[in-house]
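Sequential numbering from 1 along the given sequence is applied to the chain's residues. Predicted, not measured: the structure shown is a model, and the values here were computed from it. The figures that follow rest on heavy atoms only: side chains count, while hydrogens, waters and symmetry mates do not.
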Amino acid sequence: MKNLVSKYEELIGYLIFGGLTTVVNIVVFYLFDSVFEVHYLFANAIAIVVSILFAFFTNKKYVFKSSTPTVQLWLKEFSLFVSFRLLSAVFDMGSMWLLVDGLNLNANVAKIITQFIVVVLNYAFSKFFIFKQGE
């Protein structure tokens, strides 16, 4: 069992912190959409920004265990992270618009549906393009 956990440590970490990032995203969205009654697309944009910041620090430290000895390398990693997360944010925003305005789904239900695909996209971006060890 220990070998299995060790072998999949990164994936397990991502599932945990990706799950927490998703919770942050959904909770922030719900607060702005349902409690503060901000238009759902603006609420979604706010939720995306908050979750990007949360995800960067947790993914860097706990999932990919990436160390950046210089400010320049840290800035490169951060800018790559934000750039790729903005790509998935475009999908997120487009999906929300399609599901809410196009298919008349409840915005909170649409947000949960959209997050499943966003989590997979973000893992692939982080694993293969952002937190590459040894570069």
Side-chain angles (χ1 to χ4, degrees):
M1 180 70 163
K2 189 176 182 180
N3 289 340
L4 193 60
V5 170
S6 179
K7 181 178 179 181
Y8 295 106
E9 178 182 5
E10 182 180 275
L11 183 59
I12 292 167
Y14 187 78
L15 289 173
I16 292 167
F17 289 101
L20 287 173
T21 299
T22 301
V23 168
V24 167
N25 192 306
I26 291 170
V27 167
V28 171
F29 175 78
Y30 174 80
L31 285 173
F32 280 89
D33 176 63
S34 300
V35 176
F36 302 129
E37 297 181 354
V38 172
H39 186 273
Y40 79 92
L41 288 176
F42 289 114
N44 196 41
I46 294 165
I48 288 168
V49 169
V50 171
S51 64
I52 285 173
L53 293 173
F54 177 82
F56 175 74
F57 292 105
T58 58
N59 278 251
K60 178 174 179 48
K61 182 171 180 148
Y62 301 111
V63 177
F64 299 103
K65 296 178 175 64
S66 174
S67 62
T68 43
T70 67
V71 172
Q72 182 180 8
L73 287 174
W74 187 92
L75 287 171
K76 178 184 176 190
E77 214 171 56
F78 182 74
S79 64
L80 277 171
F81 188 86
V82 170
S83 296
F84 279 106
R85 289 293 168 118
L86 289 176
L87 280 176
S88 64
V90 168
F91 169 81
D92 191 331
M93 294 295 281
S95 296
M96 288 294 292
W97 176 79
L98 178 68
L99 293 172
V100 175
D101 286 345
L103 299 177
N104 292 320
L105 278 179
N106 173 279
N108 290 295
V109 171
K111 183 66 179 169
I112 292 168
I113 292 169
T114 300
Q115 291 312 292
F116 285 105
I117 297 169
V118 168
V119 166
V120 173
L121 285 173
N122 288 336
Y123 176 77
F125 292 154
S126 293
K127 170 85 175 152
F128 300 111
F129 300 108
I130 301 163
F131 298 114
K132 299 184 298 184
Q133 294 299 315
E135 290 187 22

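With hydrophobic clusters built from ILVMFWY side chains whose heavy atoms lie under 4.5 angstrom apart, Ile117 does not share a cluster with Ile113. Linking Ile, Leu, Val, Met, Phe, Trp and Tyr residues whenever their side-chain heavy atoms come within less than 4.5 Å leaves Val120 and Leu87 in two separate clusters. Residue Leu121 is grouped with residue Val23 when hydrophobic side chains (ILVMFWY) are merged at heavy-atom distances under 4.5 angstrom, including chains of intermediate members. In this structure, Val119 is not a member of the same hydrophobic cluster as Phe116, with clusters built from ILVMFWY side-chain heavy atoms closer than 4.5 Å. Leu99 and Ile26 are not part of a single hydrophobic cluster, where members link through side-chain heavy atoms under 4.5 Å apart.
Between Ile130 and Glu77, the shortest heavy-atom distance links the atoms CG2-O, 3.7 Å. Across every non-hydrogen atom of Tyr14 and Asn122, the tightest pair is OH-CB, 3.3 Å. Taking each heavy atom of Leu73 and Thr70 in turn, the nearest pair found is N-OG1, 3.1 Å. Across all non-hydrogen atoms, the minimal contact from Val100 to Ala110 is CG2-CB, 3.8 Å. For the pair Asp33 and Ala107, the tightest heavy-atom approach, listed with the atom from each and the gap, is OD2-CB, 4.0 Å. The shortest non-hydrogen separation linking Ala55 to Arg85 is CB-NH1, 3.4 Å.
You'll find the side chain of Lys127 reaches within 4.5 Å of the side chain of Phe64, heavy atoms only. Annotation: side chain of Thr114 is in contact with side chain of Phe91 (closest heavy-atom distance under 4.5 Å).
The distance between the ring centers of Phe54 and Phe17 does not fall below 6.0 angstrom. Ring centroids of Trp74 and Phe56 are separated by less than 6.0 Å, placing the two rings close together.
Note that CZ of Phe78 is 5.5 Å distant from CG of Leu53, once rounded to the nearest 0.5 Å. Remark: Phe29 CZ to Ile112 CD1 distance equals 9.5 Å, nearest 0.5 Å. Leu11 CG to Ile16 CD1: the interatomic distance, rounded to the nearest 0.5 Å, is 10.0 Å. Annotation: the span from Asn108 atom CG to Tyr40 atom OH amounts to 12.5 Å, rounded to 0.5 Å. To the nearest 0.5 Å, atom OG1 of residue Thr58 and atom CG of residue Leu20 are 7.5 Å apart. Separation of atoms OG (Ser95) and CG (Leu105) is listed at 11.5 Å; rounding is to 0.5 Å.
Atom OH of Tyr123 has more than 12 neighbouring heavy atoms from other residues, nucleotides or ligands inside a 6.0 Å radius.
Ser79 contributes a side-chain N or O that, together with a main-chain N or O of Lys76, makes up a donor-acceptor pair within less than 3.5 Å.
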Extract all donor-acceptor atom pairs below 3.5 Å that involve side chains of residues 41-51 and protein atoms in other chains or at least two apart in sequence.
residue	atom	partner	partner atom	Å
Asn44	OD1	Lys111	NZ	2.4
Asn44	ND2	Asp92	OD1	3.1
Ser51	OG	Asn25	ND2	3.0
Ser51	OG	Ala47	O	3.0
Ser51	OG	Ile48	O	3.1

